[in-house]
Amino acid sequence: MAGLLAALVAVSQKAAEVARLCRAEEPLFRLLVAEKTGPDRNARFLRDFKTLADVLIQEVIKHDLGTQFPELRGHIHGEESNEFRDAEGGTVTVRVCATPGDTAALLLAVLGPEQTRAAELLAETVHREVTLGDTELAGIDAGVSPGDVGIWIDPIDSTNEFIGGREDVAAVDGVAPGGLRSALVLVGAFERRTGVPVLGVINEPFFQRDPQTRRWQGRYHWGVAHGDTRLCSLSPPAARPCPRVVLSRAEGAAVRGALGSLGGGPPLFAAGAGYKLLCVALGLADAFVLSQATTFAWDSCAPHAILRALGGGVVALEGALRAQRAGGSGDPPELVYHRPQPGERAERWANSEGLVAFVHPQHLRAVLAALGELGELGELPGL
């Protein structure tokens, strides 16, 4: 169905508008942070935050997709709990109401009565229709039935960078090490039966500022990898002779050293799993390697679909190394998105064996060869 892909792009565009609005209203933004605790907390950060923008974006996507495609209801999943701490310390369940006025009234319960205009602005954006005007996208028939898929949403990937709001982070060889550029909206669809990602949308709300108005402008990327169909808004990047990797700054010295010896140049470093996966799709890096269990289904589903559309994929690092040590000659199995693991809420959907993302299979093989000895020696820190 051609409408599903366009609908994913449209909700990502509305989500990006909400994210930009929240950054533009700085006094409002300071009121929107709430600390993540308990099972929703990402273990990698000493402090992690949930923002009203996160929750509202997730609920907008659930509402709009569920309204357009009723068969998706109950199959749209996200990172965030939709319960938010209100101005008096109580709990409000954030959702999209029937009218802008009702949604604004609900948001006022979170923000407090002095934030009437802010709540109205958010509600107006939430209820506004999105017109894409994308003629290429309008002609795409993805061949994906909404009744056969589930959806993973990361409403604002790299929330810490979104909260920090840094705009002056200089790029290194095209890769932003941090800042607003790395805050993305990720919406991916996977087959319910197999867990294979088939549609992906990455939206960059803070791609660049308009030189005249100084307002942020965004852009989006999409991919289809369903059956024999491979369609993408991006062209496959050229394959370098030797791969260059992008890593998290938390990656250990042994992994950094092994991958730095690949010959493609020193590792690049960036914030946000979604952004690092996007760097691979754009050809700014040839592989994203993560040896720790600090990414989740909502981080990787949408970018994974785009990488598959480009001819690549995302594999579990430890699983791929096991297969390599066992002498397996086939392609290592890729991540799937329909099977939870034992554990609390967030950990049930962790990519617990790390990951390697790539476009060109020869780069995956080079990465696994470089890390093979470390894996045998038990030097991969998170696995």
Side-chain angles (χ1 to χ4, degrees), residues 1-20 57 60-61 64-65 67-69 72 76 125 128-149 151-155 157 174 181 183-191 196-210 215-239 274-275 277-285 300-314 357-360:
M1 176 177 287
L4 180 57
L5 177 61
L8 297 186
V9 172
V11 294
S12 83
Q13 286 286 78
K14 186 180 286 191
E17 283 295 327
V18 174
R20 285 189 288 265
I57 286 169
V60 166
I61 293 173
D64 286 10
L65 290 179
T67 299
Q68 188 171 353
F69 304 104
L72 282 175
I76 305 172
T125 303
R128 187 179 301 136
E129 290 294 322
V130 173
T131 302
L132 292 176
D134 187 331
T135 55
E136 180 188 12
L137 185 64
I140 297 296
D141 182 359
V144 177
S145 170
D148 294 335
V149 300
I151 306 292
W152 275 112
I153 309 161
D154 194 343
D157 185 59
R181 283 287 308 276
L184 309 177
V185 177
L186 309 174
V187 188
F190 63 92
E191 289 185 338
V196 172
V198 292
L199 301 175
V201 176
I202 299 175
N203 198 302
E204 300 181 75
F206 305 101
F207 174 59
Q208 62 186 10
R209 278 196 183 274
D210 183 286
R215 292 180 179 176
W216 281 106
Q217 298 174 322
R219 65 176 181 176
Y220 58 79
H221 317 280
W222 53 263
V224 179
H226 177 61
D228 294 329
T229 301
R230 297 292 184 272
L231 299 169
C232 194
S233 60
L234 299 170
S235 298
Y275 180 71
L277 288 158
L278 175 60
C279 286
V280 178
L282 294 172
L284 300 173
S300 55
C301 182
H304 189 172
I306 292 175
L307 289 169
R308 291 186 69 233
L310 292 170
V314 183
F358 63 97
V359 170
H360 299 288

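By the salt bridge (charged side-chain N to carboxylate O under 4.0 Å, His left out) test, Glu191 pairs with no residue at all, sequence neighbours left out. When the side chain to side chain donor-acceptor pair (under 3.5 Å) test is applied to Ser12, the partners found at least two apart in sequence or on another chain are Asn203. Partners of Ile76 according to the side-chain contact (heavy atoms from CB on, under 4.5 Å) rule, which considers only residues two or more places apart in sequence or in another chain, are Lys62, Leu65, Leu72, Ile151, Ile153. For Tyr220, the side chain to side chain donor-acceptor pair (under 3.5 Å) partners two or more places apart in sequence, or in a different chain, are Asp134.
Between Ser235 and Leu310, the shortest heavy-atom contact is C-CD2, 3.8 Å. Considering all non-hydrogen atoms of both residues, Gly283 and Pro237 come closest at CA-CB, 3.5 Å. Among all heavy-atom pairs drawn from Val185 and Ala15, the shortest one is CG1-CB, 3.8 Å. Residues Ala225 and Ala309 approach most closely at CB-N, 3.8 Å, considering heavy atoms. When all heavy atoms of Gly188 and Cys301 are compared, the pair lying nearest together is C-SG, 3.9 Å. Nearest heavy-atom pair, Val314 versus Ala357, reported as atom, atom and distance to 0.1 Å: CG2-CB, 3.9 Å.
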Under 3.5 Å donor-acceptor pairs involving side-chain atoms of residues 227-234, not counting sequence neighbours:
unit_1	atom_1	unit_2	atom_2	d
Arg230	NE	Arg308	O	3.4
Arg230	NH1	Gly227	O	3.0
Ser233	OG	Trp222	N	2.9
Ser233	OG	Trp222	O	3.4

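Interatomic distance, CG of Asp154 versus CD1 of Ile57, reported as 9.5 Å (0.5 Å rounding). Taken from CG in Asp148 to NE2 in His226, the straight-line distance is 7.5 Å, to the nearest 0.5 Å. Distance check, rounded to the nearest 0.5 Å: CZ of Phe358 to CG of Leu277 gives 12.0 Å. Between the CD1 atom in Ile306 and the NE2 atom in His221 there is a gap of 7.5 Å [rounded to 0.5 Å].
Applying the salt bridge (charged side-chain N to carboxylate O under 4.0 Å, His left out) test to residues at least two apart or on different chains, the pairs with a partner in residues 197-209 are Glu167-Arg209, Arg181-Glu204, Glu204-Arg219.
Annotation: side chain of Val144 is in contact with side chain of Val149 (closest heavy-atom distance under 4.5 Å). A heavy-atom distance below 4.5 Å is found between the side chains of Pro303 and Ile202.
The existence of a salt bridge linking Arg20 and Glu17 is confirmed by a sub-4.0 Å separation between a basic side-chain nitrogen and an acidic carboxylate oxygen.
No donor-acceptor pair under 3.5 Å is formed between the side chain of Asp64 and the backbone N or O of Val11.
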